[in-house]
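Working notes, beginning with the structure itself.
Sequential numbering from 1 along the given sequence is applied to the chain's residues.
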Amino acid sequence: METNGTEKNNCSKELMVPLALFAVELNSKKRLLFDVSSRKIHGVTSTVFPDAFCEFENGGWLLMAQHKPLSFQDQIVFLVHPSTGTHLDLPVLRSPNEGFFVFYVGSHGMPLVVAFIEIMSAVPTAHIACPGDVYWSIYKHISDPEMSEAMHKVQSALIVDVVLLGKQAVCVDFHGQILSFSITDMIWRTVSSCPDWSKQDSHFLVASNEQVVAISHPCKTGSAFKFFKLDLQAMEWSLLDDRELDNTSWFLCKGQSYRVKEEGKRRVYLFGPNKCAGSIVNGAEVATFTGSLGPSTLKSITNIYAYDLVDETVETVIPASIVTEVHRWILPSTFAT
(Lines give C-alpha, C1' and ligand atoms only; values in the text may rest on other atoms or scores of the structure.)
Protein backbone atom coordinates (compact mmCIF):
# COMPACT_ATOMS: atom_id res chain seq x y z
CA MET A 1 0.00 0.00 0.00
CA GLU A 2 1.33 3.44 -0.87
CA THR A 3 2.77 5.51 1.94
CA ASN A 4 1.36 8.98 2.38
CA GLY A 5 4.41 11.21 2.38
CA THR A 6 2.42 14.20 3.57
CA GLU A 7 1.19 12.21 6.54
CA LYS A 8 4.68 12.11 8.03
CA ASN A 9 5.27 15.80 7.43
CA ASN A 10 1.99 16.82 9.06
CA CYS A 11 2.87 14.90 12.21
CA SER A 12 6.55 15.75 12.63
CA LYS A 13 7.41 18.93 10.74
CA GLU A 14 7.24 22.15 12.73
CA LEU A 15 4.69 24.42 11.11
CA MET A 16 4.87 28.17 10.67
CA VAL A 17 2.27 30.35 12.34
CA PRO A 18 -0.77 30.17 10.05
CA LEU A 19 -2.41 33.20 8.46
CA ALA A 20 -6.06 34.07 8.94
CA LEU A 21 -7.95 34.00 5.64
CA PHE A 22 -11.18 36.00 5.45
CA ALA A 23 -13.81 36.31 2.73
CA VAL A 24 -15.77 39.55 2.91
CA GLU A 25 -17.72 38.64 -0.24
CA LEU A 26 -17.75 35.01 -1.42
CA ASN A 27 -18.55 35.99 -5.01
CA SER A 28 -15.50 38.25 -5.18
CA LYS A 29 -11.91 37.31 -6.04
CA LYS A 30 -10.63 39.42 -3.15
CA ARG A 31 -9.71 37.93 0.20
CA LEU A 32 -8.11 39.37 3.33
CA LEU A 33 -5.04 37.80 4.93
CA PHE A 34 -4.12 38.62 8.51
CA ASP A 35 -0.65 37.83 9.87
CA VAL A 36 -0.95 37.06 13.59
CA SER A 37 2.81 37.49 14.11
CA SER A 38 3.16 40.93 12.54
CA ARG A 39 -0.46 41.98 13.19
CA LYS A 40 -0.75 43.19 9.59
CA ILE A 41 -3.73 42.69 7.30
CA HIS A 42 -3.79 43.06 3.54
CA GLY A 43 -5.97 42.20 0.58
CA VAL A 44 -5.20 39.45 -1.90
CA THR A 45 -6.77 38.89 -5.30
CA SER A 46 -6.58 35.50 -7.02
CA THR A 47 -8.32 33.61 -9.81
CA VAL A 48 -8.59 30.73 -7.31
CA PHE A 49 -11.31 32.57 -5.42
CA PRO A 50 -14.35 33.42 -7.61
CA ASP A 51 -17.43 32.09 -5.79
CA ALA A 52 -15.28 29.52 -3.96
CA PHE A 53 -13.54 29.23 -0.62
CA CYS A 54 -10.79 27.01 0.71
CA GLU A 55 -12.21 24.13 2.78
CA PHE A 56 -9.05 22.13 3.47
CA GLU A 57 -5.35 22.19 2.66
CA ASN A 58 -2.73 19.47 2.50
CA GLY A 59 0.68 19.17 0.85
CA GLY A 60 0.43 22.58 -0.81
CA TRP A 61 -2.99 21.75 -2.31
CA LEU A 62 -6.20 23.61 -1.55
CA LEU A 63 -9.64 22.04 -1.78
CA MET A 64 -12.06 24.67 -3.00
CA ALA A 65 -15.85 24.45 -3.01
CA GLN A 66 -18.62 26.64 -4.36
CA HIS A 67 -22.36 26.29 -4.75
CA LYS A 68 -23.65 25.62 -8.20
CA PRO A 69 -25.76 28.54 -9.52
CA LEU A 70 -29.49 28.15 -8.86
CA SER A 71 -28.87 25.03 -6.77
CA PHE A 72 -29.21 24.78 -3.01
CA GLN A 73 -27.57 21.36 -2.74
CA ASP A 74 -25.03 21.04 -5.56
CA GLN A 75 -21.45 22.06 -4.88
CA ILE A 76 -18.68 22.48 -7.45
CA VAL A 77 -15.53 21.05 -5.87
CA PHE A 78 -11.97 21.22 -7.19
CA LEU A 79 -8.36 21.03 -6.07
CA VAL A 80 -5.78 23.68 -6.89
CA HIS A 81 -2.06 24.03 -6.23
CA PRO A 82 -1.38 27.79 -6.01
CA SER A 83 2.39 27.44 -6.52
CA THR A 84 2.11 25.52 -9.80
CA GLY A 85 -1.36 26.57 -10.91
CA THR A 86 -2.40 22.93 -11.32
CA HIS A 87 -6.18 22.47 -11.23
CA LEU A 88 -7.95 19.13 -10.65
CA ASP A 89 -11.71 18.83 -11.05
CA LEU A 90 -13.89 16.63 -8.87
CA PRO A 91 -17.48 15.53 -9.52
CA VAL A 92 -20.30 17.89 -8.57
CA LEU A 93 -21.21 17.05 -4.98
CA ARG A 94 -24.93 16.57 -4.44
CA SER A 95 -25.69 16.47 -0.73
CA PRO A 96 -28.64 17.91 1.19
CA ASN A 97 -26.44 18.34 4.26
CA GLU A 98 -23.50 20.48 5.25
CA GLY A 99 -20.16 18.87 5.95
CA PHE A 100 -16.39 18.84 6.31
CA PHE A 101 -13.86 18.07 3.55
CA VAL A 102 -10.54 16.25 3.98
CA PHE A 103 -8.16 14.70 1.44
CA TYR A 104 -4.85 12.91 1.57
CA VAL A 105 -1.83 13.34 -0.68
CA GLY A 106 0.27 10.42 -1.93
CA SER A 107 4.04 10.06 -1.85
CA HIS A 108 4.29 11.67 -5.30
CA GLY A 109 2.64 14.83 -4.03
CA MET A 110 -0.71 14.38 -5.77
CA PRO A 111 -4.12 14.33 -4.05
CA LEU A 112 -5.51 10.80 -4.24
CA VAL A 113 -8.81 10.59 -2.33
CA VAL A 114 -11.22 13.30 -1.13
CA ALA A 115 -13.78 12.71 1.63
CA PHE A 116 -16.82 14.81 2.50
CA ILE A 117 -18.22 14.01 5.97
CA GLU A 118 -21.81 15.12 6.52
CA ILE A 119 -22.32 17.15 9.69
CA MET A 120 -25.90 16.05 10.37
CA SER A 121 -27.38 12.85 8.99
CA ALA A 122 -29.34 9.83 10.11
CA VAL A 123 -26.07 7.91 10.51
CA PRO A 124 -22.45 9.08 10.01
CA THR A 125 -22.04 9.46 6.25
CA ALA A 126 -18.99 9.93 4.03
CA HIS A 127 -18.93 10.87 0.34
CA ILE A 128 -15.76 9.75 -1.47
CA ALA A 129 -14.28 10.81 -4.83
CA CYS A 130 -10.94 10.89 -6.62
CA PRO A 131 -9.76 13.38 -9.27
CA GLY A 132 -11.19 12.19 -12.57
CA ASP A 133 -14.22 10.43 -11.08
CA VAL A 134 -17.69 11.21 -12.45
CA TYR A 135 -19.61 10.72 -9.20
CA TRP A 136 -19.19 10.51 -5.42
CA SER A 137 -19.57 7.17 -3.66
CA ILE A 138 -21.48 7.16 -0.37
CA TYR A 139 -20.56 5.12 2.71
CA LYS A 140 -22.75 5.02 5.80
CA HIS A 141 -21.88 3.86 9.32
CA ILE A 142 -24.66 1.73 10.79
CA SER A 143 -23.21 0.29 13.99
CA ASP A 144 -26.14 -2.11 14.42
CA PRO A 145 -26.93 -3.76 11.06
CA GLU A 146 -30.34 -4.85 12.34
CA MET A 147 -31.42 -1.23 12.75
CA SER A 148 -32.67 0.43 9.61
CA GLU A 149 -31.61 3.94 8.70
CA ALA A 150 -35.17 5.10 9.37
CA MET A 151 -34.80 3.94 12.97
CA HIS A 152 -31.57 5.91 13.31
CA LYS A 153 -33.39 9.12 12.36
CA VAL A 154 -34.86 9.20 15.84
CA GLN A 155 -31.39 10.22 17.01
CA SER A 156 -29.47 11.77 14.13
CA ALA A 157 -25.68 11.85 14.00
CA LEU A 158 -24.19 15.31 14.55
CA ILE A 159 -20.49 15.60 13.72
CA VAL A 160 -18.82 18.44 15.65
CA ASP A 161 -15.36 18.38 14.04
CA VAL A 162 -13.19 16.29 11.71
CA VAL A 163 -9.42 15.91 11.45
CA LEU A 164 -7.21 14.04 8.97
CA LEU A 165 -4.73 11.65 10.59
CA GLY A 166 -2.79 9.80 7.91
CA LYS A 167 -5.45 8.18 5.77
CA GLN A 168 -8.20 8.36 8.37
CA ALA A 169 -10.87 11.01 8.79
CA VAL A 170 -11.27 11.10 12.58
CA CYS A 171 -14.58 12.61 13.73
CA VAL A 172 -16.11 13.58 17.05
CA ASP A 173 -19.86 13.76 17.43
CA PHE A 174 -22.08 15.85 19.69
CA HIS A 175 -22.03 13.19 22.39
CA GLY A 176 -18.21 12.93 22.49
CA GLN A 177 -18.01 9.71 20.50
CA ILE A 178 -14.88 9.36 18.37
CA LEU A 179 -15.42 7.77 14.96
CA SER A 180 -12.96 7.09 12.18
CA PHE A 181 -13.41 6.58 8.46
CA SER A 182 -10.62 5.08 6.39
CA ILE A 183 -10.57 6.98 3.11
CA THR A 184 -8.64 4.16 1.45
CA ASP A 185 -10.51 1.11 2.79
CA MET A 186 -13.86 2.94 2.97
CA ILE A 187 -14.63 1.53 6.42
CA TRP A 188 -16.31 3.30 9.36
CA ARG A 189 -15.56 2.28 12.93
CA THR A 190 -16.44 3.55 16.38
CA VAL A 191 -13.21 4.26 18.25
CA SER A 192 -13.76 5.65 21.73
CA SER A 193 -15.50 8.28 23.85
CA CYS A 194 -13.85 11.56 24.82
CA PRO A 195 -13.20 11.86 28.57
CA ASP A 196 -14.69 14.69 30.61
CA TRP A 197 -17.08 15.61 27.79
CA SER A 198 -19.69 18.33 28.13
CA LYS A 199 -22.22 19.24 25.45
CA GLN A 200 -22.11 22.83 26.72
CA ASP A 201 -18.44 23.24 25.74
CA SER A 202 -16.95 24.08 22.38
CA HIS A 203 -14.84 21.24 20.96
CA PHE A 204 -12.04 20.94 18.39
CA LEU A 205 -9.83 18.15 17.04
CA VAL A 206 -6.15 18.61 16.10
CA ALA A 207 -3.79 16.08 14.48
CA SER A 208 -0.40 16.17 16.19
CA ASN A 209 2.51 13.72 16.40
CA GLU A 210 0.46 10.80 15.03
CA GLN A 211 -2.17 11.39 17.69
CA VAL A 212 -5.52 13.13 17.89
CA VAL A 213 -5.81 15.95 20.41
CA ALA A 214 -9.33 16.83 21.59
CA ILE A 215 -9.63 20.38 22.94
CA SER A 216 -12.61 21.55 24.97
CA HIS A 217 -13.37 25.16 25.78
CA PRO A 218 -16.04 25.96 28.39
CA CYS A 219 -17.24 29.33 27.15
CA LYS A 220 -18.56 30.45 30.53
CA THR A 221 -15.15 30.10 32.19
CA GLY A 222 -13.26 32.35 29.80
CA SER A 223 -9.73 31.10 29.10
CA ALA A 224 -10.11 27.57 30.53
CA PHE A 225 -9.20 24.81 28.08
CA LYS A 226 -8.90 21.04 28.43
CA PHE A 227 -6.46 19.04 26.28
CA PHE A 228 -6.74 15.27 25.86
CA LYS A 229 -4.74 13.16 23.42
CA LEU A 230 -5.84 9.83 21.97
CA ASP A 231 -3.36 7.16 20.95
CA LEU A 232 -5.29 5.37 18.20
CA GLN A 233 -2.99 2.34 18.36
CA ALA A 234 -3.26 1.78 22.11
CA MET A 235 -6.80 3.23 22.24
CA GLU A 236 -5.88 5.22 25.35
CA TRP A 237 -6.66 8.80 26.38
CA SER A 238 -4.33 10.98 28.47
CA LEU A 239 -4.06 14.64 29.45
CA LEU A 240 -1.40 16.76 27.77
CA ASP A 241 1.24 17.62 30.35
CA ASP A 242 3.00 20.94 30.88
CA ARG A 243 5.92 19.93 28.68
CA GLU A 244 3.56 19.30 25.77
CA LEU A 245 1.75 22.61 26.29
CA ASP A 246 4.83 24.80 26.78
CA ASN A 247 6.13 26.80 23.78
CA THR A 248 3.00 25.84 21.86
CA SER A 249 0.15 27.76 20.25
CA TRP A 250 -3.08 26.24 19.01
CA PHE A 251 -4.92 27.82 16.08
CA LEU A 252 -8.43 26.42 16.19
CA CYS A 253 -11.17 26.39 13.57
CA LYS A 254 -13.78 23.77 12.74
CA GLY A 255 -12.60 21.59 9.87
CA GLN A 256 -8.85 22.23 10.21
CA SER A 257 -6.81 23.40 13.17
CA TYR A 258 -3.08 23.66 13.76
CA ARG A 259 -0.59 23.10 16.56
CA VAL A 260 2.47 25.37 16.19
CA LYS A 261 5.67 25.68 18.19
CA GLU A 262 6.10 29.24 19.51
CA GLU A 263 8.95 29.84 21.94
CA GLY A 264 7.83 31.16 25.30
CA LYS A 265 4.12 30.95 24.52
CA ARG A 266 1.21 28.82 25.64
CA ARG A 267 -1.77 30.18 23.72
CA VAL A 268 -4.98 29.29 21.93
CA TYR A 269 -6.28 31.39 19.02
CA LEU A 270 -9.97 31.38 18.12
CA PHE A 271 -12.18 33.20 15.62
CA GLY A 272 -15.38 34.69 16.94
CA PRO A 273 -17.69 37.66 17.28
CA ASN A 274 -16.69 37.87 20.94
CA LYS A 275 -14.32 36.36 23.49
CA CYS A 276 -16.48 33.25 23.80
CA ALA A 277 -15.81 32.47 20.12
CA GLY A 278 -19.54 32.29 19.40
CA SER A 279 -19.84 28.52 19.18
CA ILE A 280 -22.67 28.03 21.68
CA VAL A 281 -26.24 28.59 20.52
CA ASN A 282 -29.12 28.02 22.94
CA GLY A 283 -26.95 25.75 25.05
CA ALA A 284 -25.94 23.53 22.12
CA GLU A 285 -22.72 23.46 20.17
CA VAL A 286 -22.72 24.25 16.48
CA ALA A 287 -19.88 24.02 14.01
CA THR A 288 -18.25 27.15 12.65
CA PHE A 289 -19.23 26.49 9.07
CA THR A 290 -17.27 27.71 6.07
CA GLY A 291 -18.50 29.25 2.88
CA SER A 292 -19.44 26.17 0.90
CA LEU A 293 -21.69 24.78 3.59
CA GLY A 294 -24.84 26.68 2.71
CA PRO A 295 -26.41 28.41 -0.26
CA SER A 296 -26.23 31.71 1.54
CA THR A 297 -23.72 32.65 4.25
CA LEU A 298 -24.63 35.51 6.53
CA LYS A 299 -22.04 38.13 7.27
CA SER A 300 -20.87 38.50 10.84
CA ILE A 301 -18.52 40.65 12.87
CA THR A 302 -15.32 38.65 13.30
CA ASN A 303 -12.13 38.99 15.29
CA ILE A 304 -9.37 36.71 16.56
CA TYR A 305 -8.98 36.12 20.29
CA ALA A 306 -5.73 34.89 21.87
CA TYR A 307 -6.16 32.99 25.13
CA ASP A 308 -3.03 32.93 27.30
CA LEU A 309 -3.09 29.64 29.20
CA VAL A 310 -0.56 30.86 31.79
CA ASP A 311 -1.88 34.32 32.67
CA GLU A 312 -5.49 33.29 31.97
CA THR A 313 -6.02 36.47 29.97
CA VAL A 314 -7.73 37.05 26.62
CA GLU A 315 -6.35 39.42 23.99
CA THR A 316 -8.28 40.86 21.07
CA VAL A 317 -5.81 40.36 18.21
CA ILE A 318 -7.22 42.50 15.37
CA PRO A 319 -7.42 46.19 16.40
CA ALA A 320 -10.82 46.59 14.72
CA SER A 321 -13.20 43.70 14.06
CA ILE A 322 -14.08 43.09 10.43
CA VAL A 323 -17.32 42.00 8.78
CA THR A 324 -16.82 38.74 6.88
CA GLU A 325 -18.77 35.83 5.45
CA VAL A 326 -16.29 33.01 6.15
CA HIS A 327 -12.86 32.50 7.70
CA ARG A 328 -10.22 29.84 8.32
CA TRP A 329 -6.51 29.35 9.08
CA ILE A 330 -4.13 28.72 6.19
CA LEU A 331 -0.39 28.02 6.20
CA PRO A 332 1.78 30.75 4.64
CA SER A 333 3.74 28.11 2.75
CA THR A 334 0.54 27.07 0.94
CA PHE A 335 -0.65 30.46 -0.15
CA ALA A 336 1.93 32.97 -1.40
CA THR A 337 1.20 36.46 -0.11
Could you walk me through whether Asp35 and Leu19 satisfy the side chain to side chain contact (heavy atoms under 4.5 Å, CB included) test, starting with their C-alpha distance in whole Å, then the side-chain angles of each, then the deciding distance to 0.1 Å, before giving a yes or no?
CA-CA 5 Å; Asp35 189 327; Leu19 304 171; 3.9 Å; yes
Checklist entry - What do the steps show when you test Glu315 against Arg39 for salt bridge (Lys or Arg N to Asp or Glu O under 4.0 Å), and what is the final call? => result CA-CA 13 Å; Glu315 176 191 3; Arg39 303 297 172 94; 2.9 Å; yes
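Applying the side chain to side chain contact (heavy atoms under 4.5 Å, CB included) test between Phe56 and each of Leu79, Val162, Leu164, Leu62 identifies Leu164 as the sole match. With Trp250 as the partner, the ring pair (Phe, Tyr, Trp, His ring centres under 6.0 Å) test is satisfied by one option alone out of Phe204, Phe227, Trp329: Phe227. Here the rule is side-chain hydrogen bond (donor to acceptor under 3.5 Å, both in side chains) with Asp246, and of Arg266, Lys265, Lys261 only Arg266 fits it.
Listed here is the closest heavy atom pair of Trp61 and Gly109: NE1-O, 2.9 Å. Scanning both residues, Leu21 and Cys54, for their nearest heavy atoms gives CD2-CB, 4.5 Å. Taking every heavy atom of both residues into account, Val317 and Asn303 meet most closely at N-OD1, 3.8 Å. In this structure, Leu331 and Pro18 approach most closely via the heavy-atom pair CD2-CB, 4.2 Å. Val260 and Met16 make their closest contact through CG2-O, 3.8 Å (heavy atoms, listed as atom of the first residue, atom of the second, distance). The minimum heavy-atom distance linking Cys130 with Pro91 is given by the pair O-CD, 4.4 Å.
Here the OG atom belonging to Ser156 is positioned 12.5 Å from the CZ atom belonging to Phe174, to the nearest 0.5 angstrom. Put simply, CG on Asp185 and NZ on Lys167 are 9.0 Å apart, with the number rounded to the nearest 0.5 Å. For the atom pair CG of Leu90 and CD1 of Ile76, the computed distance is 11.5 Å after rounding to the nearest 0.5 Å. Summarising the geometry, atom NE2 belonging to His327 is positioned 5.0 Å from atom SG belonging to Cys253; distances are rounded to the nearest 0.5 Å. Remark: Ile215 CD1 to Leu252 CG distance equals 4.5 Å, nearest 0.5 Å. Distance check: Asn97 CG to Thr125 OG1 gives 8.0 Å after rounding to the nearest 0.5 Å.
Phe101 and Met186 fall within the same hydrophobic cluster, where Ile, Leu, Val, Met, Phe, Trp and Tyr residues are linked whenever their side-chain heavy atoms come under 4.5 Å apart, directly or through other members. When the side chains of ILVMFWY residues are joined at heavy-atom separations under 4.5 Å, either directly or via intervening members, Leu165 and Ile187 end up in two distinct hydrophobic clusters. Val92 and Val113 fall into different hydrophobic clusters, where Ile, Leu, Val, Met, Phe, Trp and Tyr are joined by side-chain heavy atoms under 4.5 Å apart, directly or via other members.
For Ile301, the CD1 atom counts as loosely surrounded, since its 6.0 Å shell holds 12 or fewer non-hydrogen atoms of other residues, nucleotides or ligands.
Side-chain atoms of Glu244 and Asn209, non-hydrogen and from C-beta on, never get closer than 4.5 Å to each other. Annotation: side chain of Leu33 is in contact with side chain of His42 (closest heavy-atom distance under 4.5 Å). At a threshold of 4.5 Å between non-hydrogen side-chain atoms, the residues Leu245 and Phe225 do not count as touching. A heavy-atom distance below 4.5 Å is not found between the side chains of Ile128 and Asp133. Inter-residue side-chain proximity for Ile117 and Cys171 is flagged as met; some heavy-atom pair is nearer than 4.5 Å. For the pair Val170/Val191, no side-chain contact is recorded, criterion being any heavy-atom separation below 4.5 Å from C-beta on. Using a 4.5 Å heavy-atom cutoff, the side chains of Val172 and Cys194 are in contact. Arg94 is not listed as a side-chain neighbour of Trp136, based on a closest heavy-atom distance of 4.5 Å or more.
A donor-acceptor pair under 3.5 Å links the side-chain atoms of Gln256 to the main chain of Glu57, judged by distance alone. Side-chain atoms of Asp231 never come within 3.5 Å of backbone atoms of Glu236 as a donor-acceptor pair (strictly under, hydrogens ignored). Judged by distance alone, the side chain of Asp161 and the main-chain N or O of Leu205 form a donor-acceptor pair under 3.5 Å. Remark: the backbone N or O of Gln211 is not paired with any side-chain donor or acceptor of Lys229 at under 3.5 angstrom. Between the side chain of Trp188 and the main chain of Tyr139, a donor-acceptor pair closer than 3.5 Å is present. Proximity of a side-chain donor or acceptor of His217 to a complementary backbone N or O of Ala224 within less than 3.5 Å is detected. Remark: the backbone N or O of Gly264 is paired with a side-chain donor or acceptor of Asn247 at under 3.5 angstrom.
Aromatic rings from Phe22 and Phe34 are positioned such that their centres are separated by 6.0 Å or more. Under the 6.0 Å cut-off for aromatic ring centres, Phe78 and His87 qualify, their centroids lying closer than that. Aromatic rings from Tyr269 and Tyr258 are positioned such that their centres are separated by 6.0 Å or more.
Between the side chains of Ser249 and Arg267, not a single donor N or O lies within less than 3.5 Å of an accepting N or O.
Using cut-offs of 30° and 60° on the angle between ring planes, the pair Trp197 and His203 is parallel.
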